[in-house]
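All heavy atoms count here, side chains included; hydrogens, waters and symmetry mates do not.
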Amino acid sequence: MPLATAIVVLLLGQLVGLATQLPNHQVTATGPASEMARGIPAAPNMDPSALLLDTVPTGFESFLSGTVTLDAAAGAAANSDLAKTNLTNLGFRTGYQHGWRNLAVHQAIVVVATEFSSPATAALHKVQVARAWAMEHRDRFPVPGIAGAIGSRHVLSDPGKYPEAENTVVFRVERWELSIVVGSAVGPAGAVPVTDDLARQIAAGEL
């Protein structure tokens, strides 16, 4: 599986949160962004694609751009039916993704904006993602400057292929969740490792 494709699958799988691990777990969302705020008018309708920068990073080329449907997000999970139920219960509406790659240094970047039914359900999904990372024993890194943002490092190993190192940042803006993955192949000639700073830089550019 090419690096860029693997990152897309990883990121879509992340959208299902803990659908196959903690299907009955209930979490109350709280935080400085006032996830459960009352009396605040809902944000206007907006195409998720409008939340993402479409500028290709220097040295990269576009390889992916399009809508993320419920079936596509759930289909990346081991149990797609359970994942679909989880996302439906969270009010998944739609998503949009951009992807860029730099073949010379074996790097890829994928950004996704996902719309949920409310700030509360978007916040709850981010909690599910964080708990999934904890269950996978992922290393974490700070993302200062973006309220409520979480970051993790992960190495994906597939027999017969180079390992793939990915750094992920997830944060919420009202009822939209933004996910950024920067990844690189580990081992091939010319490969340049991704860094926490690169993930933070891409995330900050999406604000």
Worksheet item: Same cluster or not: are Leu198 and Ile180 linked, directly or through other Ile, Leu, Val, Met, Phe, Trp or Tyr residues, by side-chain heavy atoms under 4.5 angstrom apart?
Response: yes

Worksheet entry | Audit row: Val127, Val129, side chain to side chain contact (heavy atoms under 4.5 Å, CB included) steps and yes/no | CA-CA 5 Å; Val127 171; Val129 170; over 6 Å; no

Item to complete: Measure the spacing between NE2 of His137 and NE2 of His154 and express it to the nearest 0.5 Å.
Response: 12.5 Å

Worksheet item: Just wondering, do Met46 and Trp176 contact through their side chains at under 4.5 Å, heavy atoms?
Response: yes

Discussion item. Hydrophobic clusters here meaning ILVMFWY residues chained together by side-chain heavy-atom distances under 4.5 Å, can you tell me if Val105 and Ile202 are in one?
Written reply: no

Discussion item. With a 4.5 Å cut-off on side-chain heavy atoms, are Ile109 and Phe63 touching?
Written reply: no

Worksheet item: When you look at His98 and Leu64, which way does the side chain to side chain contact (heavy atoms under 4.5 Å, CB included) test go after all the steps?
Response: CA-CA 5 Å; His98 285 309; Leu64 171 73; over 6 Å; no

Worksheet item: Say you draw a straight line from OG of Ser179 to CZ of Phe171; how long is it, rounded to the nearest 0.5 Å?
Response: 8.5 Å

Worksheet item: So which heavy atom on Tyr162 is nearest to which on Gly187, and how close?
Response: CE2-C, 3.7 Å

Worksheet entry | Minimum heavy-atom distance between Ala149 and Val169, given as atom pair plus value | CB-CG1, 4.4 Å

Worksheet item: Does any non-hydrogen side-chain atom of Thr88 lie less than 4.5 Å from one of Leu90?
Response: no

Worksheet, complete the sentence: Scanning both residues in full, the closest heavy-atom pair of Trp133 with Gly151 reads CZ3-C, 3.7 Å

Discussion item. Under a 3.5 Å distance rule, please check whether Arg172 uses its side chain to pair with a backbone N or O of Glu174 as donor and acceptor.
Written reply: yes

Worksheet item: Got a donor-acceptor contact below 3.5 angstrom from the Lys126 side chain to the Gly148 backbone?
Response: yes

Worksheet item: Do Val186 and Val182 sit in the same hydrophobic cluster, where Ile, Leu, Val, Met, Phe, Trp and Tyr count as joined when their side-chain heavy atoms come under 4.5 Å apart?
Response: no

Worksheet item: Sub-3.5 Å donor-acceptor pair from the side chain of Asn79 to the main-chain atoms of Leu82, do we have one?
Response: yes

Item to complete: For the residue pair Ser184 and Glu164, establish whether any side-chain heavy-atom pair is separated by less than 4.5 Å.
Response: no

Worksheet entry | Within-4.5 Å side-chain heavy-atom neighbours: Val192 and Asn102 | no

Response to the item:
For Glu177 and Phe116 the tightest heavy-atom approach is CB-CE1, 4.1 Å

Fill in: Minimal non-hydrogen separation, Leu51 against Glu206, with atom names
O-OE1, 3.6 Å

Worksheet entry | OG1-CD distance between Thr121 and Gln128, expressed to the nearest 0.5 angstrom | 10.0 Å

Discussion item. Using every non-hydrogen atom in the two residues, find where Phe141 and Thr168 come nearest and quote the distance to one decimal.
Written reply: CZ-O, 3.6 Å

Fill in: Residue pairs passing the salt bridge (charged side-chain N to carboxylate O under 4.0 Å, His left out) test where at least one lies in residues 180-198, sequence neighbours excluded
Arg153-Asp196, Asp197-Arg200

Worksheet item: Is any side-chain heavy atom of Pro48 closer than 4.5 Å to a side-chain heavy atom of Thr114?
Response: no

Worksheet item: Going through the distances and angles, do Gln107 and Val194 end up as a side chain to side chain contact (heavy atoms under 4.5 Å, CB included)?
Response: CA-CA 7 Å; Gln107 290 186 353; Val194 294; 4.0 Å; yes

Fill in: Trp100 and Glu61, any side-chain heavy atoms less than 4.5 Å apart
no

Fill in: Validation row: Asp71, Lys84 side chains within 4.5 angstrom (heavy atoms)
yes

Fill in: Glu115/Arg175 ion pair, N-O < 4.0 Å
yes

Worksheet entry | Expected output: side-chain Ser80 to main-chain Ala77 donor-acceptor under 3.5 Å | no

Item to complete: Decide yes or no on side chain to side chain contact (heavy atoms under 4.5 Å, CB included) for Tyr96 and Leu52, but give the supporting numbers first.
Response: CA-CA 8 Å; Tyr96 198 86; Leu52 298 177; 4.3 Å; yes

